[in-house]
Amino acid sequence: MSDIKEIYIKEPFKDQKPGTSGLRKSTIEFQQDNYLEIFIESILRTLDFNQNNSLIIGGDGRYGNEEAIIKIIQICIAHKVKKIIIPVNGILSTPAASNLIRKKNAFAGIILSASHNPGGINGDFGVKVNIANGGPAPEKFTDKVFKCSQMLTNYKFYDAKIPDFNKVGFFQIKDTTVEVIDGVDDYVDLMEHIFDLDQIADFLKKDFSIVFDAMNAVTGPYAKRIFIEKMGLSKDCVLNGLPLKDFGNLHPDPNLTYANQLADLLLNKQSYCFGAACDGDGDRNMILGKGCFINPSDSLAILTANTKFVPGYKDGISGVARSMPTSMAVDSVAKKINIPCYETPTGWKFFGNLLDSNMITICGEESFGTGSDHIREKDGLWAVLFWLQILACRKCSVSELIHNHWNHFGRNYYTRHDYEAIPKDVATQIYQNLENLLPQLKNNKFANSLVLNADNFTYTDPVDNSISKNQGLRIILENNSRIILRLSGTGTKGSTLRIYFEKYSQTNENLNLNPQVALCELIKSLDDLLNISKLTKMDQPTVIT
Ligand code: VG1
Ligand code: CO
């Protein structure tokens, strides 16, 4: 009897629609019989892999990671995929996966992660597909995968044991070669080509204490290799450095609410000069200084303004891009250094074409994501090293760097209010209420300023002219303030409403206000307009950034 089987199911799973960043569902949903298999079969049927290249598979180590990798290998063998590359124990960060796809000339990558969502049997699981450029698959690809998954009632499967992949090596099964590699080596090599790690190490050893929180997720092994093995810093500079299946019950989302251990060390106890954290799959970063939190939109602006200090960018940068809800702090920098600045919808996939066409070098999102053309994903540890390189060259504190920046460019006060896991009908009602009010708002006064534009953001990709509609409601005021409202595409429980507030202050104004104070008029005016607290029955958002 053949060990390649054709497995049939009664009817397709109707809910396999990829969101902002792949298919993300609760672990329990993913554990339904054939659920993962049908989605992987849809990916393989959509991918064009009739070539000699490899497929990269890895994940952030959360509950279900290894089991999923085994199943994917079994489906790939049945599909005669020639070569598969996996990291030891299946642990690979999203940026490291993006790098490997590019370096190994792979035809695609499958990344198992629900990113910053909690893991474990009661947490979430996810599947992301990256294409040959190393970046998240564009909408036209994921739409095809979705369509395919809506019809599929069968998949191919190699029904026999897969050898362990707990050490470097090779195994061959039928037409497929599986190579097991060290998941950290290539990534660290890339970082050594961009940054001067010796210079950073000298600076840190002298008088600049740092702490990095891996949140029991994927970045632990990468951070330990860089900070402890390469730079020779003390072992305790990496917190929560062992990847755990349930992330030790932490919510691996590096913000002030969920990375509160780190926030306490830097903001209250002020025990270190610099602190940083990454999310579950290693693509996000949070930067803190002694008593000082760096807003991610400001972080993008600071990196862009200081590229000359980083060896990898010493020849200059071609342009910059930010997602629409990201503050316009980087726009001021782009204007001053005379490079183009693009505005894309939320989600890293929209940066891909701009990066591939060399129209931009650096890009970022307000959601703790920054990256560059070195790969096609946002990159948490890269951002941390970028900050450290700037500080090592400018020999100043985090707080001095940000204040100098504001004094030079002005400050974009910014905050994001998340109402997480609220009832779907409540979120849709608030969203629709605002959408219906947009025509009335335009050319009228709102929060004491004239509304220049109020619309639902549509993006036309400047490279392939593809159009993406419904990318967020926005109110743009004459005084350069903006309010944006979106529904999350990564949450798995109920709906998550995100509201973004921004107000620009020039260099001669007070730049030291608490953002919640600076933005209170916008916040209050929106609540008056939409009754958010009443409808959500919440006095406060779940997370304030
Ligand atoms: C969120 C962020 C978005 C980010 C996405 C994936 O999406 O807002 O900026 O690209 O997560 O990040 P949403 O639709 O929930 O707002 V990650 O770290 O999951 O790859
Ligand atoms: Co992530």
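Hydrogens, waters and symmetry mates are skipped; everything else that's a heavy atom, side chains included, is used. Note that ligands are numbered from 1 as they come in the structure, with each ligand's atoms numbered from 1 the same way.
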Stepwise side-chain hydrogen bond (donor to acceptor under 3.5 Å, both in side chains) check, Asp279 with Ser115: CA-CA 7 Å; Asp279 72 333; Ser115 189; 2.8 Å; yes
Show every donor-acceptor pair shorter than 3.5 Å between a side-chain atom in residues 241-250 and any protein atom, with sequence neighbours excluded, or say none if there are none.
| residue | atom | partner | partner atom | Å |
| --- | --- | --- | --- | --- |
| Asp246 | OD1 | Gly248 | N | 2.9 |

Shell of residues surrounding ligand 1, defined by a 4.0 angstrom heavy-atom cut-off that is strict: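 Contacting ligand 1 under 4.0 Å are Thr20, Ser21, Arg24, Ser115, His116, Lys128, Asp279, Asp283, Arg284, Thr346, Gly347, Glu365, Glu366, Ser367, Lys378, Arg416, Arg486, Ser488, Gly489, Thr490, Arg498.
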Look at the aromatic rings of [X] and [Y] and report parallel, tilted or perpendicular, splitting at 30° and 60°.
| X | Y | value |
| --- | --- | --- |
| Phe293 | Phe368 | tilted |
| His405 | Phe409 | tilted |
| His374 | Trp382 | parallel |

Closest heavy-atom pair and its distance - Pro95, Gly282: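 Nearest heavy atoms, Pro95 then Gly282: CG-O, 3.3 Å.
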NZ (Lys469) with more than 12 external heavy atoms under 6.0 Å: no
For residues 429-437, tabulate all N or O donor-acceptor pairs below 3.5 Å that involve a side-chain atom, not counting sequence neighbours.
| residue | atom | partner | partner atom | Å |
| --- | --- | --- | --- | --- |
| Asn433 | ND2 | Gln429 | O | 3.4 |
| Glu435 | OE2 | Asn456 | ND2 | 3.0 |
| Asn436 | ND2 | Gln432 | O | 3.2 |

Protein N, O or S atoms under 2.8 Å from the Co ion (ligand 2): 4
Carboxylate-amine/guanidinium contact Arg225 Asp185, below 4.0 Å: yes
